[in-house]
Number of protein chains: 4
Amino acid sequence: MDARGPSSDSSPWMPFESRRRARDEKRDAVLRTAVHLFLEQGYHRATLNEVAERLNITKPALYNYFRGKEDILFECWALGQERVDDFIAGIDAAGGTGLNKLRKLIRAYAEVMTTDYGASLVRFDPRDLTEKNSRVVRAAKRSIDRTFRKYIADGIADGSIGPCDPKMTAFVIAGSLNWIGHWFQRDGAMSAEAIAGEFTERLTEGLAVKSTRRVASTPAKRKKSSGGTR
Amino acid sequence: MDARGPSSDSSPWMPFESRRRARDEKRDAVLRTAVHLFLEQGYHRATLNEVAERLNITKPALYNYFRGKEDILFECWALGQERVDDFIAGIDAAGGTGLNKLRKLIRAYAEVMTTDYGASLVRFDPRDLTEKNSRVVRAAKRSIDRTFRKYIADGIADGSIGPCDPKMTAFVIAGSLNWIGHWFQRDGAMSAEAIAGEFTERLTEGLAVKSTRRVASTPAKRKKSSGGTR
Amino acid sequence: MDARGPSSDSSPWMPFESRRRARDEKRDAVLRTAVHLFLEQGYHRATLNEVAERLNITKPALYNYFRGKEDILFECWALGQERVDDFIAGIDAAGGTGLNKLRKLIRAYAEVMTTDYGASLVRFDPRDLTEKNSRVVRAAKRSIDRTFRKYIADGIADGSIGPCDPKMTAFVIAGSLNWIGHWFQRDGAMSAEAIAGEFTERLTEGLAVKSTRRVASTPAKRKKSSGGTR
Amino acid sequence: MDARGPSSDSSPWMPFESRRRARDEKRDAVLRTAVHLFLEQGYHRATLNEVAERLNITKPALYNYFRGKEDILFECWALGQERVDDFIAGIDAAGGTGLNKLRKLIRAYAEVMTTDYGASLVRFDPRDLTEKNSRVVRAAKRSIDRTFRKYIADGIADGSIGPCDPKMTAFVIAGSLNWIGHWFQRDGAMSAEAIAGEFTERLTEGLAVKSTRRVASTPAKRKKSSGGTR
DNA sequence: AATGAATGAGCTTTCATTCAT
DNA sequence: TATGAATGAAAGCTCATTCAT
């Protein structure tokens, strides 16, 4: 009825296939709508009724695609996590100096933070998940954290990054990036790419050992500053 | 122990005063319990019933001190904001170079973020407030942001900070600090002061103009800093 | 019994229609139960729980049909008002002398007052409604008052009613009728029709211009009137 | 402290007396405030807190004068009832024709209806009272009804009132009068006396045997009242 | 006689979820 | 697959009333 194109009548599988595809498309639509609403209003204030309304279906229909509200929330998070996993895999595969990998990570992570699913990673509260899902989320968060620290440690080891405490540095960098998920507006003045670029620069300029940089930012400077502050 | 001084037995004011004090103390206790619970479980999952239970009173008793749940939430936020306003006023009064002020701001802000009321500033959702209160909160957030940008701009103007985009730099720094409110655990490995020191270093080391920097800061210092800071 | 006509078994509309009908019937049932309970116990003492119980459903089920308790109250009132509007329209359409119209109005109004929805008009308190609905109610009350006064004024003008102050006369008549809503019991000694007849006589016998009246309203007539009117 | 006047120091009884008087005055003040508020907002919406506030005392202080909210409500009603009982006793004592007594009753009752305590008789709901008090109220209502009917029957018997059904006639008259309690506003266009006069005329002009009436109710009288009204 | 504080009881409302169709 | 209807659970809030002082 709706097509000839990809699904010819001859195959008995095609309708099945197309039906499955249709189903997946609807599932995705639910997720897109849900994540948007959850971000817009907050998970608790957002109701499944409104999710359904925006999709022009009724609330119980959602239960064909998801087990419940929490399931939807978890899936939103999972989609964001998937993207992070993907580009981390890519960065790992590509190799390079620690600083190099860190810069790629920052850029990619910043860009993800400007998307709905990316913001899910930091705007949703794991305590709204079942214990089982919550554990998955916390494990993933720790994993991301480890990745940050590892790239930093790698950089220190390979000389591309000056000596510093990987743990704290990771906190500084990741916090800065995570916060993007809280303030970024798609219709704001800056593009996601521009932000990603800026953050990459800002967050690494103090770390790199380089001829240029060396002059500028040696660890030395730290002393004065802390002394004078208080 | 507490008496003799202002209130002898003969004074009719004593009971009244003590009542007042008791009242304020109770109000504070409610707030402390509430902010703790709100942070622990999230505002929506936390119920007034549990707040009351932890205080060994009943739910309606809370209404002697607050108009309702939202009122409590707003007060938590307000107490945090008060602290921020206070130290910003202090920094402004003390003066100094832009970099100097920025470093003080970072340290103080980081420390506040490790307290319950401080975390309130970034962990609670303004959309849970009435429109009126929400506006107050958003205005305060903008004001803090302006302060960050201003100190940076001041620093650029007075030469203590190298050229950079104050807006983005403020985002980077503030984001990093705000995130502390999300991960800091009082019983964690690092003290609030140590964290504040570290963040001050990390977040300004890329900003200071080079010549100055070189002399001042040796790597060694970092270790000391956490201890020697206070 | 109810079918064949518009809906044969083949029609896909039938189930939908029947669903719709079922829904309206249930809505009506809720209203009937609610108005009865509200009159029996008073709006404030009556709880939605008891409304639901009498309908053998649970409280939240009521929210499928109404927005809340106040909504139900308003609908009860509206149904009563509808009846009043209807018969006033009929009287206006039929025309006749002022006295004639007034008598019809009194009879119809009296009868409505003996019904649950009619009593709603005078037993419920507009202050229990939202401001918006309250205004609607007050406007309608004023409109009824104006109708009483107008018929009286018409009667004075066309000579069917002796000279009198329409405003006060309307107060006397309407008050008398409204009070029916407070004392009438369906299982009482007098039927609604009998009461309506009596009130029509009593409330107009002093108004008619004497010459006419003397002929018209012999005691005998009273008996006939209740029969002949309808 | 507050006086010398009525209570000289010499009598040990005086202070006691004056204290009792003060107490009674306060009790009365509570009642006046309460009845006003109850009429203004409705018994259920009105809170003891607001009653207390208007009296510049606190809620529990009310319990020194009354057993509770219901007690206050009952007392309000009782004060109104007292006035009705009083003037009925007066009318009975004075004697006269049935019509005469009825007219006096109507006038006095109408005037009472324009007072707060009078309106209490018809605006408050006996179902808000304890069963015991409720019975008292219902008995009193029946008694008033009987009085109306009796005067009418007396009038029929003594020839001052034409033949009619005393029961229905009483309903008509009493309803009309009771309704005054629902619409009268102290600051309205008409004075209580004017209303009482009008109602007396309107509600009896159809009852009096014609010969009598013609003499009794001259147009002049009617004219004055209605003219002055607007 | 009056107060601050606290309580118990109750009500409306919301919402995720289930079920028969 | 989708819907209308219904439910269970729970939460916030209000208020009359009590009690210790």
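No experiment lies behind these values; they were computed from the predicted model shown. All chains are named by letter (A, B, ...) in the order of the sequence lines, taking the proteins before the strands, and each is independently numbered beginning at 1.
The interatomic distance linking A/Leu55 (CG) with F/dT1 (P) rounds to 16 Å, in whole Å. C/Glu53 has its CD atom 12 Å from the P atom of F/dT7, to the nearest Å. If you measure from atom CD of C/Glu50 to atom P of E/dG10, you get 13 Å, rounded to the nearest angstrom. Atom-to-atom, CG of C/Asn56 to C1' of F/dA6 comes out at 13 Å; the value is rounded to the nearest Å. Between the CD1 atom of B/Ile72 and the P atom of F/dA11 there is a distance of 15 Å, rounded to whole Å. For C/Leu62 and E/dT14, the CG to P distance is 13 Å, given to the nearest whole Å. Atoms CG (A/Asp24) and C1' (F/dT1) sit 15 Å apart, rounded to a whole Å. F/dT18 atom P lies 21 Å from atom CD1 of B/Ile57, rounded to whole Å.
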Under the side-chain contact (heavy atoms from CB on, under 4.5 Å) rule, what do C/Tyr117 and C/Leu31 come out as? Steps first, then yes or no, please. CA-CA 9 Å; C/Tyr117 292 123; C/Leu31 277 180; 3.5 Å; yes

I'd like to know whether C/Arg32 forms a salt bridge (Lys or Arg N to Asp or Glu O under 4.0 Å) with C/Glu25, so could you lay out the CA-CA distance, the side-chain angles of the two residues, the decisive distance to 0.1 Å, and finally the verdict. CA-CA 10 Å; C/Arg32 272 196 312 274; C/Glu25 271 162 19; over 6 Å; no

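Note on C/Tyr65: every side-chain N or O is 4.0 Å or more away from OP1 and OP2 of F/dG4. The phosphate of E/dG4 has neither OP1 nor OP2 within less than 4.0 Å of any side-chain N or O from B/Arg23. The side chain of C/Asn64 places no N or O atom within less than 4.0 Å of a non-bridging phosphate oxygen (OP1 or OP2) of F/dA5.
Within the 4.5 Å cutoff, side-chain heavy atoms of B/Leu48 are placed close to those of B/Tyr63. The side-chain heavy atoms of B/Leu55 and B/Val51, taken from C-beta on, include a pair separated by under 4.5 Å. Here the side chains of A/Phe38 and A/Asp116 are not in contact, with every heavy-atom distance at 4.5 Å or above. In this structure, the side chains of B/Asp24 and B/Tyr65 stay at 4.5 Å or more apart for every pair of heavy atoms.
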Please report, to 0.1 Å, the donor-acceptor pairs under 3.5 Å made by any side chain of residues 69-79 of chain B, with sequence neighbours excluded.
{"residue": "B/Lys69", "atom": "NZ", "partner": "B/Tyr43", "partner atom": "O", "Å": "2.9"}
{"residue": "B/Lys69", "atom": "NZ", "partner": "B/Ala46", "partner atom": "O", "Å": "2.9"}
{"residue": "B/Glu70", "atom": "OE2", "partner": "B/Thr130", "partner atom": "N", "Å": "2.9"}
{"residue": "B/Glu70", "atom": "OE2", "partner": "B/Thr130", "partner atom": "OG1", "Å": "3.3"}
{"residue": "B/Glu70", "atom": "OE2", "partner": "B/Asn133", "partner atom": "ND2", "Å": "2.9"}
{"residue": "B/Asp71", "atom": "OD2", "partner": "B/Arg67", "partner atom": "N", "Å": "3.0"}
{"residue": "B/Glu75", "atom": "OE1", "partner": "B/Arg27", "partner atom": "NH2", "Å": "2.6"}

With both pairing distances under 3.5 angstrom for Watson-Crick or G-U wobble, and | for a partner in another strand, the correct string for DNA chain E is .||||||||||||||||||||

Which pairs, protein N/O on one side and nucleotides 15-17 of chain F N/O on the other, fall under 3.5 Å?
{"residue": "F/dA16", "atom": "OP1", "partner": "D/Lys69", "partner atom": "NZ", "Å": "3.1"}
{"residue": "F/dA16", "atom": "OP2", "partner": "D/Leu48", "partner atom": "N", "Å": "3.2"}
{"residue": "F/dA16", "atom": "N7", "partner": "D/Lys59", "partner atom": "NZ", "Å": "3.2"}
{"residue": "F/dT17", "atom": "OP2", "partner": "D/Tyr63", "partner atom": "OH", "Å": "2.8"}
{"residue": "F/dT17", "atom": "OP2", "partner": "D/Lys69", "partner atom": "N", "Å": "2.8"}
{"residue": "F/dT17", "atom": "O5'", "partner": "D/Tyr63", "partner atom": "OH", "Å": "3.2"}

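The side chain of C/Lys26 approaches F/dA5 more closely than any other nucleotide in the set F/dA5, F/dT1, E/dA6.
Salt-bridge formation is detected for the pair A/Glu131/A/Arg138: a Lys NZ or Arg NE/NH1/NH2 atom is positioned less than 4.0 Å from an Asp or Glu carboxylate oxygen.
Between B/Glu40 and A/Arg127, the closest heavy-atom pair is O-NH1, 2.5 Å.
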